[in-house]
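One structure below.
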Amino acid sequence: MGFCPQCLNQEALVETAVPRGHGAGVIEVVSATAGRSTVRDRNAVGIGELDRVLGGGIVPGSAILVGGEPGIGKSTLLLQVADRIAGTSGSVLYASAEESVHQIQMRARRIGIESSGVEVASVYDIDDVITTAMDRRPDVLIVDSIQMVSSSDLGGTVGGTSQVRASAARLIAFAKSSGIPLVLVGHVTKDGSIAGPRTLEHMVDVVLYLEGDADQGLRFLRGVKNRYGSVNEVGVFSMTPKGLEEVPDPSGLLTSHRDPEAPGSVLFPTVEGKRPLVVEIQALVVATDMPQPRRAVTGLPTARVHQIIGVLERHAALPLRKFEVYVSVMGGVKISEPAADLPVALAITSAYRQFPLGGISAFGEVGLTGELRPAGRSALRRSEADRLGSGPIISPEQHRRLIDAILAAENTTHGSGMG
Ligand code: TYD
Ligand code: MG
């Protein structure tokens with residue numbers, strides 16, 4: 001343009017030659033179908049809960065982003081992944097810009113890493129990461145974290161959006177050209193605002209988020225993008241001093257602390273990907289004189305809970321405008337599906353009227369006019385609730401209106417209608 005479009009200064013622009021990497025010579029062009037039998041589609045890691053989320057395993061040359069809040073367990077999980085891969089199919093280079101080699105070795109000892117095929121290196125510069133990877137030729141390259149690797153010849157601050165994107169682009173290009181799968185670690189804060197993972201989602205093939213309450217023992221590895229498999233699968237792990245362990249029966253674990261005699265608690269069979277999961281939803285209702293009573297929601301969309309409170313006020317005659325309402329999904333599980341509406345409504349009603357719901361499970365969407373709408377996968381939900389030996393299941397399949405579902409719940413546990 002010859003001038004800066006913002007300040008119109010003609011001297012503000014400096015010509016910069018963009019290095020083209022090692023892109024020289026003849027590019028190999030091959031048939032799309034040739035070599036099908038020799039190329040392995042994907043390599044299972046050997047950790048079932050992870051392979052499920054990955055859609056079977058790691059695809060050669062793919063780029064996988066593992067995001068999560070600091071301290072959630074990303075580094076621990078990936079060191080374990082490295083150990084598994086190195087124990088079966090080959091070597092892994094774990095390039096850390098966050099921790100010293102000594103720190104990683106201490107963690108490796110603590111969680112019982114056995115394989116000698118896991119190589120660790122403390123590297124901060126993107127060129128060093130790539131040079132080291134070219135030298136070691138690992139079967140998988142892990143970079144922890146993308147916010148901490150930097151490049152002296154890229155503008156912007158370390159961890160800033162432009163550096164993060166540029167560093168990621170280089171690593172991804174390396175993965176594609178070398179066929180070495182790349183696992184990138186990215187930190188996200190609770191509101192997802194920090195530069196990084198969100199802006200990288202379009203660049204990589206697979207995006208996994210590790211979630212869970214920082215002080216709860218459960219961790220959920222959720223697939224939010226997968227070019228090679230279905231998304232919304234979730235892997236469940238529990239945190240132990242020796243690292244993350246797979247949880248064979250998450251529903252059983254998630255509901256093991258529940259007190260069926262406590263008002264305000266109900267079971268909700270949710271579905272994550274293809275997997276049903278029974279969780280406990282709790283509500284607490286407390287009288288208040290405040291003109292704007294407090295509503296606090298954990299693990300559910302807050303706006304949705306506000307809507308349910310409105311429907312209960314209008315269609316079930318609960319005077320919730322005079323009460324604080326707290327709603328929480330237990331165990332650090334995050335629910336986004338509308339099928340949680342009915343259990344949320346029942347938990348609030350049970351907390352307000354002080355009657356326990358016993359072994360009742362419920363699912364179904366609640367409409368603004370107080371009607372119940374069917375939720376998908378009801379057979380899957382029912383069989384999981386039955387497997388846990390839960391009591392009656394309340395759903396839109398028996399009741400057309402919220403008020404009928406509430407009356408049915410009261411009748412089931414009281415045997416005597418409205419108390
Ligand atoms: P870390 O893997 O360092 O989290 P991130 O890389 O996401 O920031 O884990 C945080 C802390 O939790 C660390 O001190 C190790 C500990 N931890 C365990 O003791 N057991 C576990 O199963 C996990 C996942 C972490
Ligand atoms: Mg870490």
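Numbering of ligands and ligand atoms starts at 1, following listing order. Only this structure's heavy atoms are used, side chains among them; waters, hydrogens and symmetry mates stay out.
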Worksheet item: What residues form a side-chain hydrogen bond (donor to acceptor under 3.5 Å, both in side chains) with Glu337, not counting sequence neighbours?
Response: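 Thr270, Arg381.
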Worksheet item: So which residues, sorted by chain and number, lie with a heavy atom under 4.0 Å of ligand 1?
Response: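 Heavy-atom contacts below 4.0 Å: Glu69, Pro70, Gly71, Ile72, Gly73, Lys74, Ser75, Thr76, Arg107, Arg110, Met239, Thr240, Gly243, Leu244.
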Worksheet item: By salt bridge (charged side-chain N to carboxylate O under 4.0 Å, His left out), which residues pair with Arg227, not counting sequence neighbours?
Response: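 Counting only residues at least two positions away or on another chain, Arg227 forms a salt bridge (charged side-chain N to carboxylate O under 4.0 Å, His left out) with Asp205.
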Item to complete: Can you check the number of protein N/O/S atoms within less than 2.8 Å of the Mg ion (ligand 2)?
Response: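 Count of protein N, O, S atoms less than 2.8 Å from the Mg ion (ligand 2): 1.
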Going by distance alone, is a donor N or O of one side chain under 3.5 Å from an acceptor N or O of the other, for [X] and [Y]?
X      : Y      : answer
Glu119 : Ser91  : no
Glu98  : Ser75  : no
Gln103 : Gln105 : no

Worksheet item: With respect to Ile113, which candidate in Asp83, Ile104, Val120 satisfies the side-chain contact (heavy atoms from CB on, under 4.5 Å) definition?
Response: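 Among Asp83, Ile104, Val120, the one meeting side-chain contact (heavy atoms from CB on, under 4.5 Å) with Ile113 is Asp83.
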Worksheet item: Does any non-hydrogen side-chain atom of Leu218 lie less than 4.5 Å from one of Met239?
Response: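 No - every pair of side-chain heavy atoms lies 4.5 Å or more apart.
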Discussion item. With heavy-atom distances below 4.5 Å as the criterion, would you say the side chains of Ile348 and Leu312 are in contact?
Written reply: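 Yes, side chains in contact.
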Worksheet item: With a 6.0 Å cut-off on ring centres, are Phe268 and Phe363 close enough?
Response: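 So the answer is no for these two rings.
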